[in-house]
Amino acid sequence: MRLEVQCEDRLGLTRELLDILAEKEIDLRGIEIDTSGIIFLNCPEIEFEAFSKLMSQIRLIDGVIDVRKIQFMPGEREHKELKALLGSLPDPVFSVDLNGKVALANQSASHLLGVSSEIIKGQNIDEYLSQFNYSRWLEKHKRDYTPTQNSIPPMHSQMVVIGGLDYIIEVMPVYVSDEAKAQVLASAVVLLKAVTGTQRLIWRQENDNTGFEHLIGVSSRYKQLLAQAKKLALLDAPLLIQGETGTGKEVLARACHRRSQRAEKPFLLLNCLSMPDAAAETELFGYIESDGSSKKGIFEQADGGTVFLYEVGEMSTHLQIKLLRFLQDGSFRRVGEEQEQRVDVRVICSTQRKLSELVAEGKFREDLYYCLNVLSLSIPPLRERTADILPLVELFVTQFSAELQQAKPELTERSQQALVQYPWPGNIRQLRNILLRSLSQLEGMRLDEEDLQLPELESNTLINEASLDGTLDEIMGRYEASILANLYKSFPSTRKLAKRLGVSHTAVANKLREYAINKS
């Protein structure tokens with residue numbers, strides 16, 4: 001039970017009140033005294049008769065005006081009100097103590113991290129926001145800020161990535177007044193705001209921080225790719241990234257740049273596929289005007305940084321010669337100039353074509369191929385890492401729902417199954433575009449298979465140059481996975497599918513598990 005004792009400001013009154021509780025052997029669990037002199041007591045519940053006698057005896061104390069039973073202690077009420085307020089906020093919010101431990105996390109924070117608020121409570125904030133160093137911020141804040149009665153403490157902001165999505169983290173120090181009315185740092189409130197729409201585009205232009213934390217995948221092949229990429233990113237030799245269209249070659253290139261020692265320098269891109277030969281040359285190497293004025297090319301602008309050549313296999317023979325010379329010693333000439341320039345740039349190239357075949361056909365210089373292929377990464381297509389599809393779906397649905405300012409829909413079992421079984425010839429780019437279109441047209445709160453409007457594919461779509469890559473076992477494995485995925489749409493149980501194929505239920509179950517073709 002909680003009691004509110006209204007009384008005069010008399011010396012010894014509180015002592016008499018506590019003596020009555022001790023006399024009746026009532027345990028005192030908590031006591032609070034506000035500035036107006038009201039005394040709040042927290043005690044165990046007692047029987048009605050004993051309670052009536054206690055109330056009468058308290059009222060007889062000299063200076064007591066009234067006593068009544070209340071539902072909450074002031075501190076409890078404030079805590080519940082604060083918790084309810086935080087719980088109603090759409091953005092993730094944490095309350096963090098001076099030791100970096102989470103004292104409170106609202107429902108949005110729990111949903112974002114996929115962990116209950118009770119588990120988060122008491123854990124170090126660095127475990128969940130690894131890109132934000134709370135201890136370093138706290139040390140800097142104490143060093144740089146001197147609190148006064150009317151001053152407003154500065155708020156810290158920075159960008160973090162959680163689950164592949166961009167958030168702005170805002171850290172607000174919380175000060176309370178001590179008995180001497182001095183401002184004392186008590187804790188900090190950490191707020192996360194999703195970066196979406198125009199804000200996201202502006203932030204990306206001003207803060208190109210695309211890193212490995214933006215790359216989402218749980219399959220063993222993709223994890224191996226990222227582990228290798230993180231190692232090669234630290235080296236300074238040319239890097240060749242191979243992969244089908246839409247697999248994310250540019251994103252991987254940016255991540256390698258951000259992890260390298262050149263991270264603080266520019267990352268500039270040239271699309272060799274869409275630019276005429278003359279324009280590409282001036283863009284890369286710059287040029288001299290007839291009046292003597294000059295324009296720097298991408299290589300000069302990126303001095304100290306990284307240049308990414310998208311679809312380098314489409315580069316003309318003339319440009320290949322100039323690029324080879326540049327890779328050998330870092331020197332080049334602007335168009336229309338005899339004087340040589342020299343810069344320090346790392347070159348990362350991407351291609352969806354096999355450069356070795358282009359070399360055999362005489363369309364790509366062999367010496368340039370060997371120069372570019374010092375370090376190489378190969379991104380597997382989405383159909384070969386089906387375990388990554390649903391995590392990517394979760395990422396895109398969350399991002400697009402926020403950008404469209406609509407509630408995040410639930411994906412039905414049928415829609416998840418259709419997404420996993422679809423071969424995705426356009427890879428991640430196609431998956432992203434289909435989800436954006438589906439969400440922009442969605443009216444309800446459930447995303448079903450019909451809402452996806454997946455394009456029909458001809459049976460020979462999967463038989464192409466890319467699908468014939470690898471050993472016979474690898475090719476047959478992809479073909480077998482495609483057959484099972486398509487038949488599973490019509491026979492959505494292992495027993496029905498086993499009967500259709502004339503094999504044992506165990507054999508089909510093992511194959512479905514191997515190729516990640518299942519309802520989960």
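All values below come from the heavy atoms of this structure, side chains included, with hydrogens, waters and symmetry mates left out. Residue numbers run from 1 in the order of the sequence given.
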Query raised in the report: So which heavy atom on Pro92 is nearest to which on Asn106, and how close?
Result: CA-OD1, 3.6 Å

Report task. Output the distance between atom CG (Leu138) and atom CZ (Arg143), rounded to the nearest 0.5 Å. Result -> 11.0 Å

Report summary line: To the nearest 0.5 Å, atom OH of Tyr222 lies from atom CG of Leu382 at 10.0 Å

Query - CD (Glu311) with more than 12 external heavy atoms under 6.0 Å - result: yes

Query - Donor-acceptor contact below 3.5 Å, side chain Trp424 vs main chain Leu419 - result: yes

Report summary line: dist Glu32:CD -> Ile39:CD1 (nearest 0.5 Å) comes out at 12.0 Å

Query raised in the report: Would a distance-only check, ignoring hydrogens and angles, find a side-chain to backbone donor-acceptor pair under 3.5 Å from Asn271 to Leu273?
Result: yes

Query raised in the report: Do other residues, nucleotides or ligands put more than 12 heavy atoms under 6.0 Å from the NZ atom of Lys295?
Result: yes

Report task. For Gln405, look at atom CD and say whether over 12 heavy atoms of other residues, nucleotides or ligands are found less than 6.0 Å away. Result -> no

Requested in this report: Check step by step if salt bridge (charged side-chain N to carboxylate O under 4.0 Å, His left out) holds for Asp388 and Arg221.
Outcome: CA-CA 10 Å; Asp388 295 335; Arg221 285 193 67 181; over 6 Å; no

Report summary line: CD1 of Ile298 to CG of Asp303, rounded to nearest 0.5 Å, is 14.0 Å

Requested in this report: Indicate yes or no for a side-chain donor-acceptor contact from Gln158 to the backbone of Gln131 under 3.5 Å, with no hydrogens or angles considered.
Outcome: yes

Report task. Can you sort out the partners of Asp126 under side-chain hydrogen bond (donor to acceptor under 3.5 Å, both in side chains), two or more places apart, ordered by chain and number? Result -> none

Query raised in the report: Does Lys408 NZ have over 12 foreign heavy atoms under 6.0 Å away?
Result: yes

Query raised in the report: Got more than 12 heavy atoms from elsewhere within 6.0 Å of CD, Gln453?
Result: yes

Query - Any Leu192 side-chain heavy atom under 4.5 Å of Leu129 side chain - result: yes

Report task. Would you give the length of the straight line joining atom CE of Met315 to atom OH of Tyr310, rounded to the nearest 0.5 angstrom? Result -> 14.0 Å

Query - CG (Leu234) with more than 12 external heavy atoms under 6.0 Å - result: yes

Report task. Could I get the full list of side-chain contact (heavy atoms from CB on, under 4.5 Å) partners for Tyr145, not counting sequence neighbours? Result -> His141, Pro147, Ser151, Pro153, Pro154, Tyr175

Query raised in the report: Who are the side-chain hydrogen bond (donor to acceptor under 3.5 Å, both in side chains) partners of Thr412, not counting sequence neighbours?
Result: Ser415, Asp448

Query raised in the report: Just wondering, do Phe364 and Gln320 contact through their side chains at under 4.5 Å, heavy atoms?
Result: yes

**Report entry** Lys249 (side chain) donor-acceptor with Glu244 (main chain) under 3.5 angstrom
**Finding:** yes

Query raised in the report: Heavy-atom count around Gln406 CD within 6.0 Å, excluding the residue itself: above 12?
Result: yes

Query raised in the report: Within the distance-only criterion (no hydrogens, no angle test), does the side chain of Thr282 pair as donor or acceptor with the backbone N or O of Ala279 below 3.5 angstrom?
Result: yes

Query raised in the report: Hey, is the main chain of Gly217 close enough, under 3.5 Å, to the side chain of Arg385 for a donor-acceptor pair?
Result: no

Query raised in the report: Only one of Gln261, Arg346, Arg262 forms a side chain to side chain donor-acceptor pair (under 3.5 Å) with Asp236, so which one is it?
Result: Arg262

Requested in this report: Please confirm whether the backbone N or O of Val189 pairs with a side-chain atom of Ser95, one donor and one acceptor, at under 3.5 Å?
Outcome: no

Query - Sidechain-backbone polar pair: Glu4 side chain, Ile38 backbone, donor-acceptor under 3.5 Å - result: no

Requested in this report: List the steps, then state whether side-chain contact (heavy atoms from CB on, under 4.5 Å) holds for Tyr167 with Leu112.
Outcome: CA-CA 11 Å; Tyr167 290 86; Leu112 172 65; 3.1 Å; yes

Query raised in the report: After noting the C-alpha distance and the side-chain angles of Lys140 and Asp144, does the key distance pass the salt bridge (charged side-chain N to carboxylate O under 4.0 Å, His left out) rule?
Result: CA-CA 6 Å; Lys140 184 178 185 300; Asp144 297 345; 2.9 Å; yes

**Report entry** From OG (Ser260) to CG (Leu232), nearest 0.5 Å
**Finding:** 12.0 Å

Query raised in the report: Would you say Lys322 has more than 12 foreign heavy atoms packed within less than 6.0 Å of its NZ?
Result: yes

Query - Check: Glu340 and Arg325 side chains under 4.5 Å, non-hydrogen atoms - result: yes

**Report entry** Ring centre gap for His257 and Phe308 strictly below 6.0 Å
**Finding:** no

Query raised in the report: Is there a donor-acceptor pair closer than 3.5 Å between any side-chain N or O of Asn42 and the backbone N or O of Arg2?
Result: no

Query raised in the report: Would you say Ser438's side chain and Asp451's backbone share a donor-acceptor pair under 3.5 angstrom?
Result: yes

**Report entry** Pairwise side-chain contact, Gln430 with Pro425, heavy-atom cut-off 4.5 Å (strictly under)
**Finding:** yes

